[in-house]
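Below is one structure; the comments refer to it alone.
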Protein chains: 2
Amino acid sequence: MLNLKQDHSTLVVLSVLADGPSYGYAISKAIASRSEGHFQLTPSGMYPLLTKLEKQGLVTTSWEEVKAEGADPDANGRKRKWYTLSAKGHKQLARHIEAHRQMQALIDVFVSPAEHGGATPT
Amino acid sequence: MLNLKQDHSTLVVLSVLADGPSYGYAISKAIASRSEGHFQLTPSGMYPLLTKLEKQGLVTTSWEEVKAEGADPDANGRKRKWYTLSAKGHKQLARHIEAHRQMQALIDVFVSPAEHGGATPT
DNA sequence: TACGAATATATCGGTTTCCGATATATCTGA
DNA sequence: TCAGATATATCGGAAACCGATATATTCGTA
């Protein structure tokens, strides 16, 4: 169960939200599920990140009251904070993915067994 | 010019040392060169990392006195600290590469446009 | 021979990130 | 009734980050 660092957390959360609006708890479940239990984003990683994304204008938010079945209409139900990817968020996700791919390619130069430092034979 | 985080720094430095012993300054130049100027590992990133690798037993070290041509044999020349990848370091590099590939594959699940959540059609 | 740039190693310290523990409250199922 | 799941959020010590700084040698060149 790997904890994600901010860069990867951002990429993964934006990516989940690209499929449609969601809320913190559901996002964390989606991440665990899609990664088949390999990734984990705990509350202390999730909520500060979502707040940051909101401040950056990458997501918009709204509260939803989740009432229990047959509950007193005056009672306070559980609250859900929904996050929706904004247009800016979509663009940022595309940029993040591009940056991620470039980083991957660059790291591969060091990690893959291909020769380096010499000219490629023709 | 991207600064590397510790995970990537470790991978890249061990990878450079896998080609043979080197020293801090040369390693930083090799990283800049092989990444075609995209990666940078500054002294404040490089030396604490090398010290850590040494403490972990992943590298062994030795000092070399670099005397100027025709210099006074008694004079203090510039010093170079050589780093050599140990057997343990080689194993650790292999583990790091494996972990990196797994992380890549996992992130791709979120980043690649393939469908998810449903069964793959046969 | 004077001087700037390159070579070479290393630490300092303020800012940011990380993440386990904690807090609070509702809802579901046995 | 009560444990476990749902749901959001902060706290605070530890670790990481990285620009600035320190120190000294060597090379190129004007």
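Throughout, protein chains are lettered first and strands after them, A, B, ... in sequence-line order, and every chain is numbered starting at 1.
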Legend entry - Terminal helix-axis angle for the helix from C:dT1-D:dA30 to C:dA30-D:dT1, with five pairs defining each axis and rounding to 10 degrees: 20°
Inset, instruction - Please state how far atom OH in B:Y83 lies from atom C1' in C:dA10, giving the value in whole angstrom units. - result: 10 Å
Inset, instruction - Treat each ILVMFWY residue as a node, draw an edge where side-chain heavy atoms are under 4.5 Å apart, and state whether B:L58 and B:W82 are in one component. - result: no
Inset, instruction - Look at the side-chain N and O atoms of A:K52 and state whether any lies under 4.0 Å from the OP1 or OP2 oxygen of C:dT17. - result: yes
Legend entry - Nearest heavy-atom neighbours spanning B:G24 and B:L50: CA-CD1, 3.9 Å
Quiz: residues 98-107 of chain A side-chain donor-acceptor pairs under 3.5 angstrom, not counting sequence neighbours:
{"residue": "A:H100", "atom": "NE2", "partner": "A:Q104", "partner atom": "OE1", "Å": "2.9"}

Inset, instruction - Between C:dA8, D:dC17, D:dA9, spot the one nearest the side chain of B:Y23, thanks. - result: C:dA8
Legend entry - Members of residues 98-106 of chain B that approach DNA chain D, where some heavy atom sits under 4.0 Å away: none
Inset, instruction - Using a 4.0 Å heavy-atom cut-off across all strands, classify A:W82 as base, sugar-phosphate, or nothing. - result: nothing
Inset, instruction - Consider the side chain of B:W63, meaning its heavy atoms from C-beta on, and name the nucleotide among C:dC19, D:dA16, C:dA10 that approaches it most closely. - result: C:dA10
Inset, instruction - Assess the side chains of B:Q6 and B:K52: does a donor N or O sit below 3.5 Å from an acceptor N or O? - result: yes
Inset, instruction - Give one of base, sugar-phosphate or nothing for B:G45, where a contact means two heavy atoms less than 4.0 Å apart. - result: nothing
Inset, instruction - Could you pull out all residues at least two apart from A:T61 that satisfy side-chain hydrogen bond (donor to acceptor under 3.5 Å, both in side chains)? - result: A:E54
Inset, instruction - Can you tell me which residue pairs pass the side chain to side chain donor-acceptor pair (under 3.5 Å) test with a partner in residues 9-19 of chain B, sequence neighbours excluded? - result: A:H116-B:D19, B:D19-B:R34
Legend entry - Out of C:dA8, C:dG20, D:dG19, whichever nucleotide has its closest atom nearest the side chain of B:Y47: C:dA8
Inset, instruction - Return the value, rounded to whole Å, for the distance between atom CZ of B:R80 and atom C1' of D:dT26. - result: 11 Å
Inset, instruction - Might you work through the side-chain contact (heavy atoms from CB on, under 4.5 Å) test for B:L41 and B:V12, ending with a clear yes or no? - result: CA-CA 10 Å; B:L41 193 48; B:V12 158; 5.9 Å; no
Legend entry - ILVMFWY network linking B:L49 to B:Y23, side-chain heavy atoms under 4.5 angstrom: no
Legend entry - Side-chain N or O of A:K79 closer than 4.0 Å to phosphate OP1/OP2 of D:dT6: no
Within the sub-3.5 Å range, which N or O atoms of nucleotides 22-25 of chain C have a protein N or O partner, and how far apart are they?
none

Inset, instruction - Report the nucleotide, chosen from D:dC17, C:dA8, C:dG20, that has the shortest atom-to-atom distance to any side-chain atom of B:Y25. - result: C:dA8
Legend entry - N or O in side chain of B:K5 less than 4.0 angstrom from D:dC18 OP1/OP2: yes
Inset, instruction - For A:E65 and C:dT26, give me the distance from atom CD to atom C1', rounded to whole Å. - result: 11 Å
